Protein chains: 2
Amino acid sequence: MRSDLNDLTIGAGPRKTRSTRRGDRLKIAEAFSLRDLPLFASVDEETLSALALEAKVETCESGTTIFRQGDPIASIVAVIKGYVKLLRIAPGGDETLIAIRANGETIVDPVMGPEETCGVSAETIGPATIIKVPAARFARLARESAGLGAAVALDATRRIAALVSEIEALKSQNADLRLAHFILSLCPPGEEQCRFRLPYDKRLIAALLGVKQETLSRAFAKLREHGVRTETRDIVVDSVARLVVQCEHLGRATPLPERTGRLTRDDAA
Amino acid sequence: MRSDLNDLTIGAGPRKTRSTRRGDRLKIAEAFSLRDLPLFASVDEETLSALALEAKVETCESGTTIFRQGDPIASIVAVIKGYVKLLRIAPGGDETLIAIRANGETIVDPVMGPEETCGVSAETIGPATIIKVPAARFARLARESAGLGAAVALDATRRIAALVSEIEALKSQNADLRLAHFILSLCPPGEEQCRFRLPYDKRLIAALLGVKQETLSRAFAKLREHGVRTETRDIVVDSVARLVVQCEHLGRATPLPERTGRLTRDDAA
DNA sequence: CGCCGGGTTGATTTCAGTCAAGCAACGTGG
DNA sequence: CCACGTTGCTTGACTGAAATCAACCCGGCG
């Protein structure tokens with residue numbers, strides 16, 4: 001929650017190339033530009049400068065609550081570094097994970113609109129760096145600058161598309177298939193064989209996919225037969241193409257396509 | 001799909017009170033204003049007039065496809081009368097219901113953004129009347145008028161909130177509980193005892209809740225013990241308050257709170 | 001060393017999907 | 001008017017998926 005403003009430079013223009021990293025063991029001064037956030041990619045320079053004046057960067061330790069469901073919307077927040085989970089808390093008290101934000105993603109879930117409150121709570125997973133712009137200031141600029149308004153609308157469109165996909169997945173895919181798609185979404189594009197580290201622990205992945213961790217563990221075990229190995233926190237995918245094909249079989253039962261022929265040897269089971 | 005433009009007057013201003021309903025058996029001429037759509041509630045007169053010039057009203061018979069998933073976005077569509085279902089079609093061919101739009105709701109799911117395509121297909125349930133504005137024209141106006149851009153953003157915010165709620169429900173509630181909430185959402189506010197007609201058939205409700213119709217039928221049967229009776233298409237709720245209370249018991253097992261002990265016994269750990 | 005937290009695995013229960021039959025409500029055509 | 005098929009809804013018996021309960025493993029770390 002501490003605000004280390006002095007360590008960062010917020011700009012509006014293209015990222016400055018002056019990189020003052022000199023291996024000193026104090027925090028490395030780093031230039032950060034609002035332009036780096038996808039949300040602001042197409043916003044005019046002037047508006048961005050105005051926003052930059054109001055922006056505050058904060059470094060948060062693990063488990064910091066950024067805002068709470070039901071709070072009035074104080075700031076527009078984006079994640080610069082680390083991960084932030086968004087969750088909903090039912091009256092009964094149990095929490096439901098809605099999404100995890102990373103990279104340069106914005107948490108404008110509650111975007112604007114007068115007197116709106118936060119629909120979710122936001123909490124950091126691991127240490128994270130975030131940037132905040134006061135909501136009132138943001139809303140005013142959005143009303144004045146059509147470009148910013150359009151950018152917000154576009155951002156919202158993307159977010160809606162993602163949510164729609166998630167609803168489709170929850171309604172029509174079983175746990176194994178959802179996991180397979182999740183793995184595929186993590187594979188670096190263009191590589192047929194790959195190895196990477198899971199971005200967060202399996203409990204969170206389970207919550208993201210809407211299953212219990214035991215179920216996730218079993219789903220991983222099932223994928224092991226299809227060329228997806230797990231080494232504690234690392235994932236090795238033998239063949240992305242093969243996994244894509246297997247997705248169709250994971251979905252509907254069809255346990256045995258039964259192509260009897262001597263072709264592929266691993267469906268003999 | 002036929003366009004009965006001549007039967008309708010599209011305006012931008014407040015709804016004209018001249019009501020030409022005279023019981024003739026030809027279609028009743030009716031004035032319709034864009035202002036009636038919540039999306040445009042706060043948009044300035046001038047922009048609205050420009051939109052109205054481009055708007056086209058269409059009456060559709062049941063089962064009309066308005067647009068298809070993957071199509072380029074040709075128009076912004078709103079529902080004036082009747083219901084429109086939005087669904088996703090997987091490569092395999094099976095359809096997943098995403099949402100149902102009614103009243104004056106907009107189907108701007110794919111709002112704007114250059115070269116975007118429709119994320120869902122839209123199809124009328126029963127006969128419906130819709131209004132269309134060419135997407136290019138709409139996008140240009142949205143870019144020029146900050147008010148319209150803000151309105152779109154606000155609309156998107158509402159939609160996101162609804163989607164988030166649906167994801168929460170799918171992840172954390174069982175079929176009975178989801179149905180109970182759905183019923184409650186249909187109860188006219190303020191009334192303790194009520195009776196109303198389901199807006200569409202039970203197959204659609206099942207799909208909306210993410211269950212099979214057989215499961216929905218059993219869920220209705222279970223609610224019968226809690227003061228919710230179904231008479232074919234009508235619903236009678238004996239006590240809204242009681243239903244709200246029952247929701248807590250429907251969620252988690254806890255069939256018997258059993259407070260027998262003199263202390264709460266679960267904090268002994 | 002012992003004690004976690006995160007992860008796996010197994011046994012069992014609960015929930016929802018599947019398959020199948022039956023029924024009530026219509027609309028149509030004889 | 002009734003026989004008829006259709007469509008929407010319900011019910012039952014069964015299967016399968018995922019949650020639950022519980023034990024255990026294993027890699028830090030005080």
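In what follows, every chain begins at residue 1, and chains take the letters A, B, ... in the order their sequences are listed. Every heavy atom of this structure was used, including side-chain atoms; hydrogens, water molecules and symmetry mates were not. Since this is a predicted model, take the numbers as computed values, not measurements.
- Looking at the side chain of B:Asp201, the nearest of the listed nucleotides D:dG8, D:dC21, C:dG6 is D:dG8.
- For B:Tyr200 and A:Ala175, each mapped to the nucleotide of DNA chain D holding its nearest heavy atom, the one lying further toward the 5' end belongs to B:Tyr200.
- For A:Thr230, the side-chain atoms get nearest to C:dT8 when compared with the rest of C:dT8, C:dG6, C:dG17.
- No side-chain donor-acceptor contact under 3.5 Å links B:Ser75 to the backbone of B:Lys132.
- Taking each heavy atom of B:Glu61 and B:Thr64 in turn, the nearest pair found is O-OG1, 2.6 Å.
- In this structure, the CD atom of A:Gln213 is 16 Å from the P atom of C:dG10, given to the nearest Å.
- Atom NZ of B:Lys222 is separated from atom C1' of C:dA16 by 10 Å (rounded to the nearest Å).
- Here C:dA25 presents its C1' atom at 13 Å from CZ of B:Arg197, a figure rounded to the nearest Å.
- When rounded to the nearest whole Å, the span between NZ of A:Lys212 and P of C:dT8 equals 17 Å.
- What separates CG of A:Asn174 from C1' of D:dG16 is a distance of 11 Å, to the nearest Å.
- Distances from the side chain of A:Ser217 to the nucleotides C:dT9, C:dG6, D:dT10 place C:dT9 closest.
- Side-chain contact check for B:Val84 versus B:Ile100: every heavy-atom pair is 4.5 Å or farther apart.
- Straight-line distance from the CZ atom of A:Arg233 to the C1' atom of C:dG5: 13 Å, rounded to whole Å.
- Taking only side-chain nitrogens and oxygens, A:Thr215 comes nearer than 4.0 Å to OP1 or OP2 of D:dA19.
- Atom CZ of A:Phe220 is separated from atom P of C:dG6 by 16 Å (rounded to the nearest Å).
- In terms of phosphate contacts, B:Lys202 brings a side-chain nitrogen or oxygen within less than 4.0 Å of OP1 or OP2 of D:dT10.
- Taking 3.5 Å as the limit, the base of D:dG12 and the side chain of B:Arg218 contain a donor-acceptor pair of atoms between them.
- As a whole-Å value, the separation of A:Leu204 CG from C:dG5 P is 16 Å.
- You'll find that the side chain of A:Glu214 is closest to D:dC21, out of D:dC21, D:dG8, C:dT18.
- Using cut-offs of 30° and 60° for the angle between ring planes, the B:Tyr200 and B:Phe182 rings count as tilted.
- When the shell of 6.0 Å around CZ of A:Arg68 is examined, it contains 12 or fewer heavy atoms from other residues, nucleotides or ligands.
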